[in-house]
Amino acid sequence: MAQMLTDLVLQYPERKEVQHIWAQYVLPLVLDSETRVQEKALDSLDQLVLHSIVGVDSQLAWNLLDVITAMGFSVYVSKAIEMAARKQQLPSKLMRTLQSNIESRPQAALTLMAIVSIFVPVENSIKVFFHSFIIIFLIV
């Protein structure tokens, strides 16, 4: 099911309802008790969001992150980031990408940045958050 829904999102990237269905049914599988189901959900999230967000064509990843944030599903993203950080598989440009999108996508970028900062070295996360909040206060 996770693969089928992921394929549908890739086939219809502009369809918000498909994105909502994917988030509603695939993301909770990140916490499934069966390892293979959990891994498939993590792979889908990694493919569609974590690695896509740093790519050239990142619109779908940002749209999905907006959906995930709006649905309050950041706990599932947190689990995926925790697993990727343990395996040292977080994209190296992830924090820079999030930081550069704070002005255009503040809620999604800051939500993901807050989650990622839990799993990166303390000095880096403190610098990034301090810088991010200064930018936000200057904008407001």
Side-chain angles (χ1 to χ4, degrees):
M1 176 190 71
Q3 184 61 55
M4 180 189 73
L5 290 173
T6 299
D7 290 345
L8 283 172
V9 169
L10 290 170
Q11 188 173 356
Y12 302 103
E14 71 288 343
R15 304 285 306 261
K16 289 285 185 192
E17 56 275 357
V18 175
Q19 295 169 16
H20 279 270
I21 291 169
W22 177 84
Q24 184 176 2
Y25 292 103
V26 174
L27 287 180
L29 297 176
V30 167
L31 301 177
D32 196 273
S33 59
E34 187 177 325
T35 305
R36 290 195 329 203
V37 172
Q38 188 181 73
E39 287 173 355
K40 187 60 199 166
L42 290 167
D43 286 345
S44 294
L45 181 60
D46 187 57
Q47 174 189 2
L48 293 178
V49 179
L50 296 181
H51 277 85
S52 296
I53 210 160
V54 297
V56 175
D57 187 19
S58 63
Q59 187 60 47
L60 175 59
W62 283 108
N63 290 345
L64 284 170
L65 192 54
D66 286 337
V67 167
I68 291 165
T69 304
M71 294 177 81
F73 283 179
S74 56
V75 66
Y76 305 122
V77 176
S78 181
K79 178 67 172 178
I81 289 174
E82 176 186 4
M83 301 293 283
R86 256 194 245 149
K87 296 177 184 177
Q88 297 182 338
Q89 294 178 338
L90 284 175
S92 60
K93 296 190 284 186
L94 183 59
M95 288 301 265
R96 284 191 307 271
T97 300
L98 295 173
Q99 192 174 9
S100 67
N101 282 278
I102 288 175
E103 290 181 39
S104 59
R105 299 172 174 95
Q107 187 172 5
L110 284 173
T111 298
L112 190 54
M113 191 179 291
I115 295 168
V116 170
S117 70
I118 295 168
F119 305 103
V120 297
V122 175
E123 65 220 27
N124 290 340
S125 63
I126 290 171
K127 281 187 222 176
V128 170
F129 269 113
F130 182 70
H131 186 261
S132 300
F133 286 123
I134 288 174
I135 289 172
I136 290 172
F137 287 126
L138 291 175
I139 294 170
V140 176

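- Under the 3.5 Å distance criterion, the side-chain polar atoms of Q38 are left unmatched by any main-chain donor or acceptor of L31.
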Under 3.5 Å, which donor-acceptor pairs do the side chains of residues 45-60 form with other protein atoms, sequence neighbours left out?
unit_1	atom_1	unit_2	atom_2	d
D46	OD1	H51	ND1	2.8
D46	OD2	H51	ND1	3.1
S52	OG	Q47	O	2.5
Q59	OE1	R105	NH2	3.3
Q59	NE2	N63	OD1	2.8

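- Taking CE of M113 as the start and OG1 of T97 as the end, the distance is 9.5 Å to the nearest 0.5 Å.
- Under the rule for a side chain to side chain donor-acceptor pair (under 3.5 Å), the partners of E17 that lie at least two apart in sequence or sit in another chain are R15.
- Scanning all heavy atoms of the two residues, the minimum distance from F119 to I115 falls at CD1-O, 3.3 Å.
- Every residue was checked against the side chain to side chain donor-acceptor pair (under 3.5 Å) condition with Q24, not counting sequence neighbours, and none meets it.
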Tell me which donor-acceptor pairs under 3.5 Å the side chains of residues 1-9 have, and how far apart each pair is, sequence neighbours excluded?
unit_1	atom_1	unit_2	atom_2	d
Q3	OE1	K40	NZ	2.3
Q3	NE2	D7	OD1	2.7
T6	OG1	A2	O	2.8
T6	OG1	W22	NE1	3.2
T6	OG1	S44	OG	2.8

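- For the atom pair NE2 of H20 and CG of L64, the computed distance is 9.5 Å after rounding to the nearest 0.5 Å.
- Considering only residues two or more places apart in sequence or on other chains, R86 meets the side chain to side chain donor-acceptor pair (under 3.5 Å) condition with E82.
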Listing, residues 66-81 side-chain donor-acceptor contacts under 3.5 Å, not counting sequence neighbours, or none:
unit_1	atom_1	unit_2	atom_2	d
T69	OG1	L65	O	2.8

